[in-house]
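Report on one structure; see the data block that follows.
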There are 2 protein chains.
Amino acid sequence: MGVSLRDVAARAGVSVKTVSNVVNGSAPVSPHTREKVRRALAELGYRPNLSARSLRRGRTGVVALVLPGLDDPYFAELARLVTEAAAEHGWTVLIDQTGGRADRERQVLRGAGAQLADGLLLCPVTVGRRELADRTDATPLVLLGERVPGGTVPQVAVDDRRAAYEATGHLLSLGRTRVGVIGARGPRGPGAARRRLAGHRQALRDAGLPQDARLVPPTGTYRRAEGAAVLRRLLELDEPPQAVVCFDDLLALGALRAALSAGLRVPRDLALAGFGDIEDGRYSTPTLTTVSPDKAALARSAVALLAARIDGAPGGSGDSGAPAVVAGHRLLVRESTVGVAAAAGPDPVVPPQSSGAQSPGAQSSGSSTGAISS
Amino acid sequence: MGVSLRDVAARAGVSVKTVSNVVNGSAPVSPHTREKVRRALAELGYRPNLSARSLRRGRTGVVALVLPGLDDPYFAELARLVTEAAAEHGWTVLIDQTGGRADRERQVLRGAGAQLADGLLLCPVTVGRRELADRTDATPLVLLGERVPGGTVPQVAVDDRRAAYEATGHLLSLGRTRVGVIGARGPRGPGAARRRLAGHRQALRDAGLPQDARLVPPTGTYRRAEGAAVLRRLLELDEPPQAVVCFDDLLALGALRAALSAGLRVPRDLALAGFGDIEDGRYSTPTLTTVSPDKAALARSAVALLAARIDGAPGGSGDSGAPAVVAGHRLLVRESTVGVAAAAGPDPVVPPQSSGAQSPGAQSSGSSTGAISS
DNA sequence: ATGAAAGCGCTAACAA
DNA sequence: TTGTTAGCGCTTTCAT
């Protein structure tokens, strides 16, 4: 094996404990001794054995981030932000890709496999209230991007209902009365799609418009191909929609491609809005109007909640159940709904932040730091 | 803590060793005893403590994949494929994002931080021959996507030079004589960009065309914004290029957006080709002509090489140095170079595989399983 | 086929 | 301030 504390201790002529103290700063060491130890450490190229340390401390310093897949840029970005936030707590993040499969998600909840993580951050696609209640594994868990009522599990998410309400409201404000939906009943949390749909319907009701089930076709996975396929189906209706709100940017980008291929002009013939604010949508032609969740806040809050749980602290608001953080979001109005003139500043390729601020139609809601409620 | 082998042994009325044998199948156990142990295991909900196991075995079962960032869809996809390939070896993959920073990459080579991984898969952006030679850490290492001559480190990559030769050759075959390059001197391995540039130049030479340094502006990071910025610079030339080959799909997609924003028609006024075959390029408008590396082969080969290294096997071809695998690639000809008619089949949104096969101009080279040479 | 005991490298408790 | 010792949970000799 490698160099152990004993080897270093022997070399420096001190005890193992002293070397450990130097390495961890766990107890004061005299300058002279410390220098000796430092030298021995360097000469032998000592590196702590994580397994031994973890075994002793009862903690691995690793947290697992469980998500559908990194192929979705939304989750890739989230993964980066979570990793950064976790690093500030001294944690390493292990990414576990479920592919959106229910059995894999349940496996994770059961704590299947071995015990490598001190805590779990789960972006659920299939599991809901029941599975969470049945959970026996004691590993601290935080839900990311999903809300499960009952206050049993700490969770962080945006206000999906309100966000969808704003997105549909924006499309209605453009004078489009037939607004389709792509992504209903899809993944990204059993509840998220449902809440977005509720927000969409509320917007129609508030505008005094009728609901048309044909405009809300069921959608499977949140991938570009699916968005394209569902849009083509919508275009075959007797009265096709004048606008479509997609519950995910990938769906929207797939739909955009299908619309353009069908010879439609976007937004003139069809306005399109998405969810997620992935970078692709800032460079597509036309650029994509989208709901931009405060991903940094999502990541930070999720890690903070998990930290509280792991450290055994109450976790936020007393002991009245698990805390639920609502991260902020903004509607970024871009070319796919208002055309090129309104969305672009001097530079046609607009950075993410300035786009929403410059656009007259931009609405924002929620706070970027996240509001806590339990 | 949790349930240990001792607890299970006590419950089942057997020794610790016997339980261990049942869990690992490391020695034959009588059917009767096994059943008893099985029951105790289930009743107590035993889960092996990875730290203890690792400490004892001297292996963690974790390999680290070090890459610039998951924000790049190319690396996100590679990460997924590597994770899948590693799972077949019973390994868990830890993803380490360097942000393309040199210090972070060097840190990884030094084995800084603690020793959590049995092996390292590195997609280098900055480190080259020297840093690899100076390396003292004994953790097995495999380079992914980069070639470093000298045969000291096992490596897997595509034939970048040839791929670039084909890409430029394709543009030349369309009658474009002024071909720009975006991505020269950029990251993604100090050598990869250089080799691609060499291939590009070779294609020009073989066509009897002059080199023009102004058509090869220096490029920093491989991001969309950079591609857009560099393309705008190219358009300001007295004689702007009629075609541009980008050494990364993100650069190409940024360039595409900038070209369209500038009022150019693509490919009529400007033909564009990329590298990497990320999904975005299959749904952009126009779809993106690109070099498609056999990513699955890259991932599989890299993991296999690492496995060989970790298991102490020679690693491939005798003991004449470290093996170097060349993964295959194909040039996928799409709308951004040949227009809409030639690239599309009956369905305007073409799946990744059929696109290249259907297109008359598609060329392929290399094998998908990868050729080994040392 | 099963059991007893040693020890992987580290840290926490106690002693000096 | 520094040293000694025990033990985290597991696998692995060596016995039986």
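Proteins get letters first, then strands, A, B, ... in listed order; numbering begins at 1 in each. Because only heavy atoms are used, hydrogens play no part in the values below, and waters and symmetry mates are left out as well, while side chains stay in.
For B:Leu55, counting side-chain heavy atoms from C-beta on, the closest listed nucleotide (C:dG9, C:dT2, C:dC10) is C:dG9. The side chain of B:Tyr46 lies closest to D:dC10, out of D:dG9, D:dC10, C:dG3. Of all nucleotides listed (D:dT11, D:dG9, C:dC10), C:dC10 comes nearest to the side chain of A:Pro48. Listed candidates were C:dT11, C:dA12, C:dC10. Nearest to the side chain of A:Ser20 is C:dT11. For A:Arg56, counting side-chain heavy atoms from C-beta on, the closest listed nucleotide (D:dT4, C:dT11, D:dT12) is C:dT11. Side-chain atoms of B:Leu5 lie closest to D:dT11 of the nucleotides D:dT11, C:dT2, C:dG9. Distance from the side chain of B:Lys17 is smallest for C:dG3 among the nucleotides C:dG3, D:dG3, C:dT11.
Within the 4.5 Å cutoff, the side chain of B:Leu141 has heavy atoms near those of the B:Leu132 side chain.
Listed pair B:Asn24 / D:dT11 meets the phosphate criterion, a side-chain N or O lying under 4.0 Å from OP1 or OP2. Using a 4.0 Å cut-off, some side-chain N or O of B:Ser30 falls inside it from OP1 or OP2 of C:dT2. For B:Ser26 and D:dT11, the shortest distance from a side-chain N or O to OP1 or OP2 is not below 4.0 Å. OP1 or OP2 of D:dG3 sits under 4.0 Å from a side-chain N or O of A:Ser15.
Heavy atoms of A:Val29 sit under 4.0 angstrom from primed sugar atoms or phosphate atoms, though from no base atom. Using a 4.0 Å heavy-atom criterion, one finds that B:Val14 contacts the sugar-phosphate atoms exclusively. Counting non-hydrogen atoms under 4.0 angstrom, B:Thr33 reaches the backbone sugars and phosphates but no base.
If you check the side chains of B:Arg104 and B:Gln107, you find a donor sitting under 3.5 Å from an acceptor.
Atom-to-atom distance recorded for A:Arg101:CZ and A:Thr126:OG1 is 11.0 Å, nearest 0.5 angstrom. Note that OG1 of B:Thr152 is 8.0 Å distant from CZ of B:Arg129, once rounded to the nearest 0.5 Å. For the atom pair CD1 (A:Ile95) and CD (B:Gln97), the distance works out to 6.0 Å, reported to the nearest 0.5 Å.
Atoms CD (A:Glu35) and C1' (D:dT1) sit 17 Å apart, rounded to a whole Å. Atoms CZ (A:Arg6) and P (D:dG3) sit 15 Å apart, rounded to a whole Å. In this structure, B:Asn21 atom CG and C:dG3 atom C1' are separated by 11 Å, rounded to whole Å.
When the nearest nucleotides of DNA chain C are assigned to A:Val16 and B:Arg57 by heavy-atom distance, the more 5′-ward of the two goes with B:Arg57.
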